Amino acid sequence: MNVKVTLKDGSIREVDSGISVIELAKQISEGLARVATCGRIDGEVVDLRKEIDHDCSLEILTFDSDLDGRKAYWHTTSHIMAQAVVRLFPDTKLAIGPSIDEGFYYDFDTVENFTDEDKAKIEEEMKKIIKEDLPIERFSLPKKEALELMKNEPYKQELINELPEGEEISFYKQGEFTDLCAGPHLMSTGKVKAIKLLTNSGAYWRGNEKNKMLQRIYAVSFPKASMLEEFIKLQEEAKERDHRKIGKDLNLFMTHKLVGAGLPMYLPDGATIRRCLERYIQDKEIALGYSHVYTPSLANVDLYKTSGHWDHYKDDMFPVMQMENEELVLRPMNCPHHMLIYKNSLHSYKDLPIRIGELAHDFRWENSGAVCGLERVRQMCQNDAHLFVRPDQIKEEVGKVLKLIVEVYQKDFGFPAESFRYRLSLRDKANKEKYIDNDEMWNTAESQLRAILKELNIEFYEAEGEAAFYGPKIDIQIKTALGHDITIPTCQLDFALPERFELSYIGEDGKEHRPVVIHRAILGTSDRFISFLLEETKGVLPTWLCPHQVKILPISEKHVEYANTIKEKMQKEMIRVDVDDRSEKIGYKIREAQLSKVPYMLVVGDKEAEENKVSVRDRKDGDIGQMKTDEFIEKIKKEIADKVISNK
């Protein structure tokens, strides 16, 4: 019996039923078969050993083709690492070893914590296993036999016991090593080429702090040594760009266990950056007709039951607080508050659009192991706004939001247009329970956003499962300096909350009509935007945003008085300026100011004091010569006012 297989290029192959993915790959090309890592049949990722028994579409994936192809490669390498650990440390118990977006890890229950010397031994043993080129075989067992096979592996037994009766329980075997696994995997250990063990850390079994602490080793592998070398270079670059390191070096923020995980505290210089950013975006919004409000960070649980957050989002919220006759909760977002502010007054069609903005403190429950500096926190300040519009205003208002995003990111902050991609984020139709149940509303909202993007001639791609629970959105995906795709600005279309809160306006016909709400965030949260900005710039911020814009460096003690005179004059012009009056050599002061990433250093000595001048150094070009003090003040005032972007 033959089956028809439609390949990625649209061609159709008629093959024998029961042919495996790897056998079909060999028919197409021996070269393709050599680099194949897994397949994708009708959209589902499958093992290379998977037999094809029906008409279907098939993609043969490689390490270079997409993330699923890389994950199969990394998953195989995680088994090689586990095999190496068991060979070296036979008393080790195995937990799990999944692939992740940038490599893989494996969790081990060990007698002693792994040392750097242990990791070096593990890496060498992995290379031996790769050289042995062990065939990797897949087999399955009934539950009882599976439990017997894993009788010395308590974590594997726990996973098996949770599987329903009758379900196929699959294993992969390579040499003397067998592991419980759903796959997919490469055909042999020799297919893996370049490997590198990265870091190790503690990890609770299944992420639950009540369970035992295991040892986790992170690692990565590549088909070519050159790819590993490039990865290592990027890792070093990532360390330099890590906003946590930059924040510590520049004294911007801190955390403390007495305050709690995911709750950073802004130090004076970090607070200056945040204040400038927040004033900047609010001024932008005011110029565009936004009205700003303040709403409380606490709310009655009933507010979120009305909005739908309680049904769809409560697992990400902090626990309820019982207060007398009320149940209160820290808010995860402030859109329900803004619905009530709109509802507080009667509105005519002439009043719309109404744009309500807020720098709102929101709270999300994050596992302590997931929080990260300013990037992922438990309390955040969100640059949020809600636009209440008539249906005929949707296109214009969405267009204005997208224009504002471009103005902020590309014009004011100088991020290149080619680093931006527009994603239309849709609901996952296979998992509708995650979303507000209204097919007509979803179809309307998704169609409208799609049409708007097309009418505005904006190139975009679609992603199912990325919508908010109440509506689809346009996410702007930004390619970072390290090559990661992240989402910060977003624009969401919402027909659901106006319905749930029974919002209305009086139309031209004198009847009540339902407004539509556009949710939008430009900077996202102040916290995450600052982490992003620090990593993109390595802490070298534009002058208008720097906490210290000028550092005056007197050559000796007798020049301190002149330095302070300049400082007072600059402060009156709202320039952020300091005097380094320490009894240190001028070269040392300059180096210190450079490390602090201060845009301008003004060296003052006898000649400068006599002529009312300053010797100007900038952080990139060094000495740029003498200027009259007033001339320099006008120069930097203009640079600050114009929010000049430079690579200084």
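From a predicted model like this one, the values you see are computed outputs, not experimental measurements.
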Under-4.0 Å salt bridge between [X] and [Y]:
X    : Y    : value
E237 : K538 : yes
E366 : R378 : no
D101 : R70  : no
E125 : K128 : yes
E466 : K473 : no
E358 : R331 : yes
R40  : D66  : yes
K305 : D311 : no
D133 : K191 : no
K121 : E124 : no
E535 : R241 : no
E165 : K143 : yes

Distance from [X] atom [atom1] to [Y] atom [atom2], nearest 0.5 Å?
X    : Y    : atom1 : atom2 : value
R520 : N383 : CZ    : CG    : 5.0 Å
F108 : I96  : CZ    : CD1   : 11.0 Å
E158 : I160 : CD    : CD1   : 11.0 Å
S170 : R138 : OG    : CZ    : 4.5 Å
T77  : L186 : OG1   : CG    : 7.0 Å
L533 : L277 : CG    : CG    : 6.5 Å

* Please assess E176 against R87 for the test salt bridge (Lys or Arg N to Asp or Glu O under 4.0 Å), listing each intermediate value before the final yes or no. => CA-CA 10 Å; E176 81 288 356; R87 281 185 178 183; 2.8 Å; yes

* Structure fact -> Applying ring-ring contact (aromatic ring centres under 6.0 Å, His included) to Y422 and not counting sequence neighbours gives none

* To do: Kindly say whether the aromatic ring centers of F469 and Y435 come within a distance under 6.0 Å.
  => no

* Would you please test Y470 and H312 for ring-ring contact (aromatic ring centres under 6.0 Å, His included) and show each step? => CA-CA 9 Å; Y470 50 77; H312 297 277; 9.7 Å; no

Give a yes or no answer on whether the side chain of [X] reaches the backbone of [Y] with a donor-acceptor pair at less than 3.5 Å.
X    : Y    : answer
D384 : C335 : no
T178 : Q174 : no
S425 : I474 : no
S188 : I136 : no
E51  : S20  : no
D494 : H519 : no
K156 : A95  : yes
Q157 : L147 : yes

What class does the angle between the rings of [X] and [Y] fall in, given that below 30° is parallel, 30 to 60° is tilted and above 60° is perpendicular?
X    : Y    : answer
F253 : Y266 : tilted
F222 : F231 : tilted
F532 : F415 : tilted
Y73  : F63  : perpendicular

[Y] and [X] side chains, donor-acceptor separation under 3.5 Å:
X    : Y    : value
T487 : D475 : no
T115 : D118 : yes
Y155 : D109 : yes

For [X], does the [atom1] atom have more than 12 heavy-atom neighbours from other residues, nucleotides or ligands under 6.0 Å away?
X    : atom1 : answer
K196 : NZ    : no
D116 : CG    : no
K50  : NZ    : no

* For K233 and E229, what are the C-alpha separation, side-chain angles and deciding distance, and is it a salt bridge (Lys or Arg N to Asp or Glu O under 4.0 Å)? -> CA-CA 6 Å; K233 284 181 186 176; E229 290 169 9; over 6 Å; no

[X] versus [Y], closest heavy-atom pair with distance:
X    : Y    : value
Y409 : I488 : OH-CG2, 3.1 Å
I195 : S221 : CG2-CB, 3.9 Å
D47  : H185 : OD2-N, 2.9 Å
Y218 : S201 : CE1-OG, 4.0 Å
A467 : R427 : CB-N, 3.5 Å
I130 : K193 : CD1-O, 4.3 Å

* Given side chains that start at C-beta, do those of C181 and H75 come closer than 4.5 Å, heavy atoms only? -> yes

* Apply side-chain contact (heavy atoms from CB on, under 4.5 Å) to the pair I476 and T490, showing each step before the final yes or no. => CA-CA 6 Å; I476 286 73; T490 184; over 6 Å; no

* Asked: Stepwise, does the side-chain hydrogen bond (donor to acceptor under 3.5 Å, both in side chains) test hold for S526 with E278?
  -> CA-CA 7 Å; S526 302; E278 291 176 351; 2.7 Å; yes

* Asked: Taking it one step at a time, do V259 and M265 satisfy side-chain contact (heavy atoms from CB on, under 4.5 Å)?
  -> CA-CA 9 Å; V259 176; M265 294 180 285; 3.7 Å; yes

* Start with the C-alpha gap between N113 and Q215, add the side-chain angles, then the distance that decides, and say whether side-chain contact (heavy atoms from CB on, under 4.5 Å) holds. => CA-CA 7 Å; N113 289 350; Q215 286 294 297; 3.0 Å; yes

* **Full working for salt bridge (Lys or Arg N to Asp or Glu O under 4.0 Å) between K239 and E236** => CA-CA 5 Å; K239 288 178 186 176; E236 292 303 315; 3.4 Å; yes

* Asked: Is there a side-chain hydrogen bond (donor to acceptor under 3.5 Å, both in side chains) between E102 and H484 once you walk through the steps?
  -> CA-CA 10 Å; E102 290 191 336; H484 301 147; 2.8 Å; yes

* Asked: Does the ring of Y105 carry R216 above it, NZ/CZ under 6.0 angstrom from centre and within 45° of its axis?
  -> yes

